[in-house]
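These notes concern the structure reproduced below.
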Amino acid sequence: MSTTSQKHRNFVGEPMGDKPVTALSGIGEVLGRSLEHKGFDKAYVVLGQFLLLKKDVELFTEWLKDVSGANVRQAGSCAQCLKEWCDAFL
């Protein structure tokens with residue numbers, strides 16, 4: 001079983017609201033700025049892309065790597081975070 005960060009647990013454990021993109025697991029300040037520059041300033045905007053990709057973790061991981069320059073670990077962490085959030089709240 002893989003371990004999750006405190007950031008991941010905090011995000012998945014409550015409604016998303018108006019959280020910044022950097023609240024997502026795997027998204028730090030540098031990736032956050034890259035995403036914000038491309039219009040993905042809030043976690044819910046990134047969630048929208050995840051939903052457009054039909055909650056497909058692999059497709060989303062590739063999209064995030066392409067759009068932000070995230071590495072596999074960062075993109076996978078973000079995808080898993082969104083998947084678990086969806087499982088809990090949708």
Side-chain angles (χ1 to χ4, degrees):
M1 181 176 188
S2 65
T3 60
T4 57
S5 69
Q6 186 63 45
K7 185 176 180 180
H8 177 101
R9 289 188 298 275
N10 289 345
F11 189 87
V12 172
E14 62 189 22
M16 190 175 307
D18 204 30
K19 291 181 182 177
V21 70
T22 54
L24 288 162
S25 180
I27 307 298
E29 293 301 318
V30 173
L31 288 179
R33 279 193 300 273
S34 175
L35 286 165
E36 287 170 7
H37 180 72
K38 293 178 174 121
F40 295 90
D41 58 334
K42 300 290 184 181
Y44 67 80
V45 180
V46 178
L47 172 65
Q49 185 64 35
F50 183 70
L51 295 173
L52 284 172
L53 295 172
K54 299 183 179 185
K55 298 192 279 187
D56 185 310
V57 170
E58 288 181 29
L59 277 176
F60 178 81
T61 298
E62 288 304 312
W63 171 83
L64 188 57
K65 286 170 27 186
D66 289 344
V67 79
S68 71
N71 64 36
V72 172
R73 183 187 56 78
Q74 292 165 319
S77 178
C78 183
Q80 190 61 36
C81 184
L82 288 170
K83 180 185 179 312
E84 289 181 28
W85 188 92
C86 287
D87 290 346
F89 292 97
L90 294 182

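Values below: every heavy atom of this structure, side chains too, minus hydrogens, waters and symmetry copies. Predicted, not measured: the structure shown is a model, and the values here were computed from it.
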Show the atom names and distances, to 0.1 Å, of all donor-acceptor pairs under 3.5 Å that link a side chain in residues 42-49 to residues at least two apart or in another chain.
none

Kindly list each side-chain donor-acceptor pair under 3.5 angstrom involving residues 73-90, sequence neighbours excluded, with atom names and distances?
from, atom 1, to, atom 2, distance (Å)
Gln74, OE1, Asn71, N, 2.8
Gln74, OE1, Asn71, ND2, 3.4
Ser77, OG, Ser25, OG, 2.6
Gln80, NE2, Glu84, OE2, 3.1
Lys83, NZ, Asp87, OD2, 3.1
Glu84, OE1, His8, NE2, 2.9
Trp85, NE1, Glu14, O, 3.1

Of Leu64, Val57, Leu59, which is the lone residue that meets side-chain contact (heavy atoms from CB on, under 4.5 Å) with Thr61? Val57

What's the spacing between Glu29 CD and Ile27 CD1 if we round to 0.5 Å? 11.0 Å

Between Val21 and Phe11, is there a shared hydrophobic cluster once you connect ILVMFWY residues whose side-chain heavy atoms come closer than 4.5 Å? yes

By side chain to side chain donor-acceptor pair (under 3.5 Å), which residues pair with Glu62, not counting sequence neighbours? Lys65

Across all chains, not counting sequence neighbours, the side chain to side chain donor-acceptor pair (under 3.5 Å) partners of Gln6 are Arg9, Asn10

Residues in ring pair (Phe, Tyr, Trp, His ring centres under 6.0 Å) with Phe60, at least two apart? Phe50, Trp63

Holding to side chain to side chain donor-acceptor pair (under 3.5 Å), I want the full list of residues that pass it with Asp56, two or more places apart in sequence or in another chain. none

Per-pair distances, 0.1 Å, donor-acceptor, side chain in residues 31-39, under 3.5 Å, sequence neighbours excluded:
from, atom 1, to, atom 2, distance (Å)
Ser34, OG, Ser68, O, 3.4
Lys38, NZ, Val67, O, 2.6

